[in-house]
Amino acid sequence: MSRAADEEPLKLYPSPDELPAQVKAALKDGEEVVALAVTDLVGSEYGEGYVVLTNSRVLAVNGKVSEEVPLAKVTAASIRGYINTCVLSLDTEEGPRSLAVFTRGRLEAFDKLVTIINNLVIGKIPYNLLKEQLLNKMKSEQSRKSARAVLVKLLGLLKPIAPLLAATVAVAVAIRVVGLVPPYLMKVLVDEVLTKARADYLPYVIGALLAVNLANTALNTANAYLNTKLNVAVTNTLRSRVYRKLHELSLTHYDRFGSGGLWSRIIDDTNRVQWFLTQAFIPLFINAAMVVFVGATLVTMDAWLTLIVLMPIPVSVTGNLIYRKTASRYYHRLWRKWSRIVSVISDTINAAVLVKSFGKEPEFERKFEQSQDEFQRAQMDVFKFEQRIWPAVGLAFTASSLLVWWFGGNEVLKGKMSLGTLMAFTSYMWMFYSPVFGLIDNVRNLQLLAVAAGRLFEILDLEPDVVEDPDAVDIELKGAIECENVWFTYDGIHYALKGVSLRVRPGERIGLVGPSGSGKTTLAKLLLHLHDPQVGALRYDGIDVRKIRMRSLKRQVAIVLQNPVLLDATIAENIALGKEDAKPEEIIAAAKAAKIHELIMRLPEAYDTEVGMQGSRLSGGERARVALAAALLKDPKILVLDEPTAALDALTEDQVTEELERLTRGRTTIIIAHRLSTLRFTDRIVVMENGRIVEEGTHEELLKRDGLYKRLWEAQLKGLTRVGAVEVSEEGVRVEYAARPQHA
């Protein structure tokens, strides 16, 4: 199996040059390859095959086309998993067909392929839309693969500290140039002072050495100062840029990277860039300058021996070319494994209560150890890869230095070269080799720098999904909302909303219901303009949401999330998030409306109580009511409630629901709920399934239609209409339950 295939088991819209010959031969004129997946099994044997999705067919290719299914006949794609292998299966009009076999190492790639196929044949996603999203995904990934492009962008990012960078390089070069003087003074000492007994030269030689040492001391002090200042400036510049960028990003990007991935980029990759910049980029100029200066000095001393000194250079250049071509994938894999370690630690800390309550400490420890083992294996892969290149390069330099000693020694014995000249030449030879070795290390570190910087640019290059028109204006909302043919995907492959159209009148209260994963929360986020749809339009009061200033919209729209996260601040500060310069009496009024004022007053510090990280010192129901109080304090024109009573007990839920009914009168309100009783005061209920709206109407209308809503309603009634009959006998107490459904 080829290494390239192992590294890239799935290619999206590959170029003709990337297609294997047998795949090219199987394509028809004008046929476009959407995705190419590489299998690692052919039948029951290890081998390489291909599954090709085009704009018209699905092909299985292994030397020749072994399977061919027109997309028009495919009804669904799936993966059947076994102990060590998986099978890609297509449901067709003629029945199921097994298309390819692969190991679990290729499962992630084939899962993406299956999703793309199902988007086309089940989701009926327009091909042009799918192509646009996949190409955007490809472009963002390819832009980070060019080390040269990444380094150029990094220098552009560091432009504000360019003078400091230049000063650091200049001082470092000056230190190396001053370091060239002592070998020449040694030559003078041996050939002129000692050999010719010129004692009058000795004070000049000693004075020159003293001047060199004093200059070195001053330059090294300046260099240490500039390096320290540069390190701080680089780190602060990069970390500030990445942190500011986080606030510009849409929620899609947070979902994509996860907390561990973002932490790793802000902290680890910033530190890596700072380290590699000072260890590779700046020394690159220093070493290049030294190669020029010392090389010129060697030529003036002995041109023939200089040719011998230069012999290892072609070997080192070849090694560098091989290294640059193949190193990035090793380091990308290494740092992906490191991000996995950070993610496990982040999950352990953020979900400490969950881990401990379920007794999952051993499982997380195993996961952590497994992540560390994977990181260690990746490190060893890097080491083995480097050992295939650099020892051979080092051996070439050793051989060259031995030849210089051999031929130079013979020249001295024959009287053709002075001893001082040979001593100075060999000193300069190692001064020449040292920056050459440094350049080799610089190239290696530049590759690492490019990978680390590329991970930073994964964040910095992102364009926000939510775009505000340059001509956007402030408006006072009346509360009308309109979605028209909205399609939305988080990752370019999986579509959460598919052609959703919805109209909400000003002051109307809408309930959103449906199974988990049906797109309810995603639709609510779009209504808040936390995301922009890839296709379709979202309007408020007939105005496209992009034409409304975000600050104006956020001032008049509020959301209460299903699992609210609070700031690590006081209760009062968390409630006051809903309104700038909120007065204490306004905060208290909002807390009373959310039915949490009495609980707050029972706390020792009342409204000044610190809630802890993410609100960890409060219960789930208390966090929900604090978040609700913040939303009510905002007094929004449009209010979105995502499971507002899910974390409340029955008595509190009833109280909060009654209060919500009062507070939402005349206010456009969208309530997402699994507890259908929460929606008893809504004007209309919208039912979603698989990213689409499947039903709309009042509670009574939906029950008459015998659709999904009725099934959801009856499923909840089963648990509420059970009557227990207790029979007491000599053997003890026995409880029997009889289900007696009642009409709603």
Side-chain angles (χ1 to χ4, degrees), residues 119 123-126 128-130 132-133 250-252 255 464-469 472 475 477-490 492 494-515 517-550 552-554 556-561 636-643 664 667-673 679 682-698 702 707-709:
N119 279 337
K124 303 299 182 184
I125 293 172
N128 289 338
L129 171 60
L130 182 69
E132 179 185 353
Q133 294 303 314
S250 306
L251 292 179
T252 310
D255 296 334
D465 291 339
V466 178
V467 180
E468 183 182 276
D469 193 277
I475 68 168
L477 296 179
K478 296 177 182 177
I481 305 174
E482 180 183 358
C483 295
E484 182 179 348
N485 190 33
V486 168
W487 293 75
F488 179 77
T489 173
Y490 288 100
H494 302 79
Y495 276 79
L497 296 178
K498 307 166 186 175
V500 172
S501 294
L502 175 67
R503 285 175 174 79
V504 182
R505 297 184 300 274
E508 188 177 16
R509 296 181 290 192
I510 297 293
L512 275 182
V513 302
S518 59
K520 304 183 298 298
T521 300
T522 299
L523 178 57
K525 289 178 180 178
L526 261 71
L527 294 177
L528 290 164
H529 202 207
L530 296 177
H531 300 291
D532 264 341
Q534 282 82 26
V535 170
L538 174 61
R539 304 183 186 93
Y540 289 92
D541 297 339
I543 302 173
D544 190 292
V545 70
R546 297 179 182 88
K547 297 287 186 179
I548 305 173
R549 284 184 182 163
M550 293 182 188
S552 174
L553 189 64
K554 291 175 181 178
Q556 302 176 78
V557 180
I559 185 172
V560 179
L561 298 172
K637 301 289 181 63
I638 298 172
L639 178 62
V640 178
L641 305 173
D642 189 355
E643 294 285 354
T664 57
R667 189 197 310 270
T668 303
T669 307
I670 297 169
I671 303 177
I672 302 170
L679 306 177
T682 57
D683 303 309
R684 181 160 48 111
I685 296 173
V686 176
V687 186
M688 298 190 68
E689 185 177 27
N690 295 326
R692 300 180 186 275
I693 293 177
V694 295
E695 292 181 295
E696 287 185 66
T698 64
L702 292 174
L708 176 59
Y709 181 81

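- For the pair K520 (side chain) and G514 (backbone), a donor-acceptor distance under 3.5 Å is present.
- Taking all atoms of both residues into account, the shortest heavy-atom contact from M688 to G691 is CE-C, 4.3 Å.
- No donor-acceptor pair under 3.5 Å is formed between the side chain of T682 and the backbone N or O of R509.
- With hydrogens and angles ignored, the 3.5 Å screen pairs a side-chain donor or acceptor of R692 with a backbone N or O of K498.
- T698 places no side-chain N or O within donor-acceptor distance of the main-chain N or O of R684, the cut-off being under 3.5 Å.
- Looking at K637, its side chain does come within 3.5 Å of a backbone N or O of L477 through a donor-acceptor pair.
- L641 CG to I672 CD1: the interatomic distance, rounded to the nearest 0.5 Å, is 9.0 Å.
- No more than 12 heavy atoms of other residues, nucleotides or ligands shown are found within 6.0 angstrom of CZ on R505.
- Pairing each heavy atom of A524 with each of V640, the nearest pair is CB-CG1, 3.7 Å.
- Side chain of D544 to main chain of R546: a donor-acceptor pair is present (N/O by atom type, distance under 3.5 Å, no hydrogens or angles).
- Annotation: the span from E484 atom CD to L502 atom CG amounts to 12.0 Å, rounded to 0.5 Å.
- When all heavy atoms are compared, the tightest approach of L523 to C483 is CD1-SG, 4.2 Å.
- Between D541 atom CG and I638 atom CD1 the span is 7.0 Å, to the nearest 0.5 Å.
- A pairwise comparison of heavy atoms in E695 and L702 identifies CB-CD2, 3.8 Å as the closest pair.
- D683 contributes no side-chain N or O that, together with a main-chain N or O of E508, makes up a donor-acceptor pair within less than 3.5 Å.
- With hydrogens and angles disregarded, no donor-acceptor distance shorter than 3.5 Å links the side chain of T669 to the backbone of L639.
- With rounding to the nearest 0.5 Å, the separation of CG in L497 from CD1 in I693 is 9.0 Å.
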